[in-house]
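As a basis for the values below, the full set of heavy atoms in this structure was taken, side chains included, without hydrogen atoms, waters or symmetry mates. Chain naming here is simple, since letters A, B, ... match the order of the sequence lines and numbering starts at 1 in each. Small disclaimer: the values here were computed from a predicted structure and weren't measured.
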Number of protein chains: 2
Amino acid sequence: MAASTLTEVARLAGVSPATASRVLNGSARKPGPGVSERVRQAAETLGYIPNAQAQALAKSSSGLVGLIVHDIADPYFSAIARGVQEVAREQHKMVLLATTGGTPADEKEAVAAFAARRADAIVIAGSRSRRPEDEKGNADLAAELDRYCRNGGHVGVVGQAIVGAGALDGYHLVEVPNEELAMELAGKLAASYSGDFVIIGGPEGLITSDDRIRGFQSGLAAAGRPAAEVLRASFNRAGGYEAGLELARRIQDARASGASKEGEKPGLCILAANDVMAIGATAGLRSQGFRIPRDALIAGFDDIETLRDFRPGLSTVRLPLEEIGRLATLSTAGAEAPDGGDGHDDDGPSVTGQVTLRRSTEWTP
Amino acid sequence: MAASTLTEVARLAGVSPATASRVLNGSARKPGPGVSERVRQAAETLGYIPNAQAQALAKSSSGLVGLIVHDIADPYFSAIARGVQEVAREQHKMVLLATTGGTPADEKEAVAAFAARRADAIVIAGSRSRRPEDEKGNADLAAELDRYCRNGGHVGVVGQAIVGAGALDGYHLVEVPNEELAMELAGKLAASYSGDFVIIGGPEGLITSDDRIRGFQSGLAAAGRPAAEVLRASFNRAGGYEAGLELARRIQDARASGASKEGEKPGLCILAANDVMAIGATAGLRSQGFRIPRDALIAGFDDIETLRDFRPGLSTVRLPLEEIGRLATLSTAGAEAPDGGDGHDDDGPSVTGQVTLRRSTEWTP
DNA sequence: AATTGTTGGGAAAGCGCATTCCCACTGCAT
DNA sequence: ATGCAGTGGGAATGCGCTTTCCCAACAATT
């Protein structure tokens with residue numbers, strides 16, 4: 001038994017398919033009450049479900065919004081996804097999910113797939129990369145997105161503009177002031193802690209990571225501190241863990257050489273480029289017997305919800321992730337904010353975060 | 001500029017649409033090499049992207065798999081989602097996401113939407129409910145799913161069968177032995193801890209929660225312990241937190257009345273129905289000055305990845321969430337396992353978990 | 001009473017593609 | 001030379017729906 005069609009409903013109701021379509025789906029023309037009732041009845045008894053594919057084909061609008069993330073199980077992305085999903089729901093759309101691990105080639109493919117499905121909008125979350133080996137991939141991705149935009153698509157971009165994309169309408173950027181917030185965080189920490197800083201960042205070229213690192217450094221510089229060393233690792237918990245092990249080794253060395261003493265003051269303050277790296281680093285340090293904040297201070301970035309109960313409380317920058325997802329999706333919805341401006345998309349909505357200091361950076365001599 | 005169509009490509013290549021279709025999409029008939037090359041060229045220069053909607057309409061198979069979760073930002077669901085996504089990717093399908101908060105009415109709607117999009121499969125994760133107020137909703141959901149199945153759809157169900165669904169082919173259950181594992185966990189804890197137990201569960205009627213609670217109780221009973229009291233709260237961090245506050249109050253009372261003394265032994269062992277509730281409860285207890293495991297032991301369920309670095313390490317039951325998502329999706333893929341059986345779907349694949357004891361339940365007198 | 005709107009409904013033309021026929025042509029055996 | 005299977009390509013139909021256009025019936029206007 002195949003699903004029943006509009007035509008069958010129409011036949012059962014004794015009307016034309018056109019009329020059935022008008023009553024069952026929101027049309028401008030409302031047929032008379034008697035006819036409407038008959039059609040609705042027929043649809044009910046047949047268990048009619050409109051074929052969204054056919055509808056999309058006929059009116060060329062699919063009610064789909066595509067979402068591209070690195071990894072849906074990463075709490076950073078799942079929080080954004082929740083926001084996207086919410087807005088989609090409000091707008092009676094469905095979200096199509098693609099996870100790419102951050103590989104531009106995969107992202108390009110995802111965009112193509114979304115374009116093939118004629119998604120009304122694409123939200124692309126997750127950091128772009130500037131690594132030389134990604135250059136080709138980025139160019140391809142940009143080209144694919146440009147094409148999508150030229151064909152009337154809207155893309156909501158989280159964080160930073162697409163590398164190499166044209167200045168097309170259709171792009172809507174939700175800016176996240178990573179650098180400024182990182183600077184603020186570093187500044188606040190520098191005010192209360194006088195020791196060394198070290199930064200744990202993602203691979204070089206990952207824009208979000210680089211922005212935050214740059215912010216950390218400016219914050220330190222503004223406070224009259226020397227630039228911090230930057231440890232590179234993968235932008236996740238595992239990367240943080242490795243970096244944590246490396247730092248544990250250094251603290252041990254410093255103590256062995258008498259440059260620092262246990263219990264005196266924390267050997268260093270670690271600035272991690274995101275929360276999960278910070279947690280990973282903490283785990284790495286702990287595995288070597290070090291404790292936070294006794295032996296080292298540490299701060300993260302994002303304020304991941306699931307991690308807020310972590311002990312000691314992780315100092316971080318709270319980012320309204322869900323809101324970011326919402327805004328990115330809303331911005332694609334066509335309803336341009338009526339700001340009396342140049343007509344151009346005025347850089348889209350922008351969000352801000354909030355430096356949040358907790359126990360992990362509290363040092364009481 | 002609208003996206004170019006197959007017909008345009010065909011015209012540019014000087015062939016018929018039929019031929020163009022044959023070369024650009026996998027058809028049984030392969031046109032000659034010269035023609036193929038011309039068509040491919042034309043497609044390239046035009047930036048042709050096939051219209052998936054039209055393709056789906058023409059061959060009635062959409063390449064879509066629908067995923068229903070309560071909340072994509074919940075690490076339990078996002079882990080499953082990752083598994084689903086992986087398999088979908090392997091099979092060159094896309095996943096359509098719907099979040100419902102667990103409301104049967106919303107889930108029914110999601111199923112209808114998936115059916116409308118002619119999704120090849122639906123994976124429904126997230127606990128069903130038996131609450132009386134959900135009865136109507138469940139029946140509707142079951143009816144919708146049944147209809148979807150009868151129309152040839154496949155649905156992968158995580159955890160427990162759909163309440164009220166018919167015994168149709170098309171349903172594929174990935175069983176999770178919640179009760180057995182909960183029993184095992186409770187048993188192991190009862191072996192090393194002689195005090196009182198209390199259970200923090202989700203709302204009554206939530207099947208996953210109820211199964212686990214039942215398992216806890218059997219485990220205690222098997223160890224010769226009295227049944228534990230069950231505190232009901234919402235099945236998330238907030239619910240756990242509230243329950244934690246309540247338990248803090250009780251511990252305080254017990255101490256005030258001299259029934260228990262600080263530092264003597266943990267006042268009780270808390271069995272939470274999932275990890276996030278356990279974390280919430282821990283936070284609640286801590287907010288009142290209590291510490292784990294000094295003042296109370298606590299265990300969770302799921303072994304959420306993000307929570308593994310939590311201190312003290314949370315005793316829990318490790319569930320292969322990602323694998324569960326994978327299996328649920330794979331089971332819908334039509335390739336029935338060739339088990340020499342009754343031809344029926346042999347209960348589908350099943351997974352198991354692993355009791356994992358950590359510091360949160362370690363009591364050293 | 002004749003004309004002009006106005007309304008409610010149907011017929012038909014796509015939307016972009018897959019696919020089933022059908023036809024012209026080749027190479028081979030007869 | 002005639003018949004045949006085999007091959008590469010096109011014409012046409014249909015997937016299920018929306019929408020424009022058209023037509024009949026009726027009410028409202030001078």
Side-chain angles (χ1 to χ4, degrees), chain A residues 1-40 42-43 46-64 115-120 151-152, chain B residues 1-40 42-43 46-64 112-113 115-120 151-152:
Chain A
M1 159 187 168
S4 50
T5 73
L6 222 211
T7 313
E8 289 170 24
V9 173
R11 183 162 35 215
L12 180 64
V15 300
S16 79
T19 307
S21 170
R22 288 196 260 260
V23 21
L24 290 179
N25 310 49
S27 166
R29 285 181 51 178
K30 292 283 164 207
V35 179
S36 295
E37 197 41 45
R38 276 217 317 283
V39 173
R40 245 181 286 274
L46 252 43
Y48 170 70
I49 296 183
N51 184 326
Q53 315 270 9
Q55 290 188 154
L57 186 57
K59 55 182 170 185
S60 52
S61 147
S62 59
L64 253 29
R117 297 225 143 67
R118 299 301 185 262
D120 297 336
N151 287 352
Chain B
M1 158 187 169
S4 50
T5 74
L6 224 211
T7 312
E8 289 171 23
V9 172
R11 182 162 34 214
L12 181 63
V15 299
S16 80
T19 306
S21 170
R22 287 197 261 258
V23 19
L24 291 179
N25 311 50
S27 167
R29 286 182 50 177
K30 293 282 165 206
V35 181
S36 294
E37 197 40 46
R38 278 219 315 284
V39 172
R40 247 182 284 276
L46 251 44
Y48 170 69
I49 296 183
N51 185 327
Q53 316 271 9
Q55 292 188 153
L57 186 56
K59 55 181 169 186
S60 52
S61 149
S62 60
L64 254 27
R117 298 225 143 70
R118 299 300 185 263
D120 298 335
N151 287 352

Discussion item. Under the rule for side-chain contact (heavy atoms from CB on, under 4.5 Å), what residues qualify as partners of A:Arg40, not counting sequence neighbours?
Written reply: A:Val23, A:Leu24, A:Ser36, A:Glu37
Worksheet item: How would you list, by chain and number, every residue that makes a side-chain contact (heavy atoms from CB on, under 4.5 Å) with A:Ser16, sequence neighbours excluded?
Response: A:Ala18, A:Thr19
Practice prompt. Take B:Val15 and B:Leu57, find for each the nucleotide of DNA chain D with the closest heavy atom, and name the residue whose nucleotide sits nearer the 5' end.
Written response: B:Val15
Practice prompt. Please check the phosphate of D:dG10 (OP1 and OP2 only) for any side-chain N or O of B:Ser16 closer than 4.0 Å.
Written response: yes
Discussion item. Without decimals, in angstroms, what is the distance between A:Arg117 CZ and C:dC17 C1'?
Written reply: 14 Å
Worksheet entry | Beyond-backbone contact of B:Asn51 with B:Thr5, side-chain heavy atoms, under 4.5 angstrom | no
Check: protein-nucleotides 18-26 of chain C nitrogen or oxygen pairs below 3.5 Å:
residue, atom, partner, partner atom, Å
C:dA18, OP1, B:Asn25, ND2, 2.8
C:dA18, OP1, B:Gln55, OE1, 3.1
C:dA18, OP2, B:Ser21, OG, 2.5

Fill in: Helix axis bend for the helix from C:dA1-D:dT30 to C:dT30-D:dA1 - C1'-based end axes, five pairs, 10° rounding
60°
Worksheet item: What distance do B:Ser4 atom OG and B:Arg11 atom CZ have between them, rounded to the nearest 0.5 Å?
Response: 11.0 Å
Discussion item. Please report the distance, rounded to the nearest Å, between CZ in B:Arg11 and C1' in C:dC17.
Written reply: 15 Å
Item to complete: Rounded to the nearest 0.5 Å, what's the gap from CD on B:Gln53 to OG on A:Ser60? Could you check?
Response: 10.0 Å
Fill in: Test item: B:Arg117 side-chain N/O and A:Ala52 main-chain N/O as donor-acceptor pair under 3.5 Å
no
Worksheet entry | A:Ile49: partners by side-chain contact (heavy atoms from CB on, under 4.5 Å), with sequence neighbours left out | B:Ala115, B:Ala116, B:Arg118, B:Glu144, B:Arg147
Item to complete: Nearest whole angstrom, please: distance from the C1' of D:dG14 to the CD of A:Gln53.
Response: 16 Å
Discussion item. Any base atoms under 4.0 Å from B:Thr5, or only sugar-phosphate, or nothing? Heavy atoms, all strands.
Written reply: sugar-phosphate
Discussion item. Taking side-chain contact (heavy atoms from CB on, under 4.5 Å) as the definition, give me every residue that meets it alongside B:Gln55, ordered by chain and number, with sequence neighbours left out.
Written reply: B:Asn25, B:Pro50, B:Lys59
Item to complete: Using the closest heavy atom to pick a nucleotide of DNA chain D for each, name whichever of B:Gly14 or A:Ile49 lands nearer the 5' end.
Response: B:Gly14
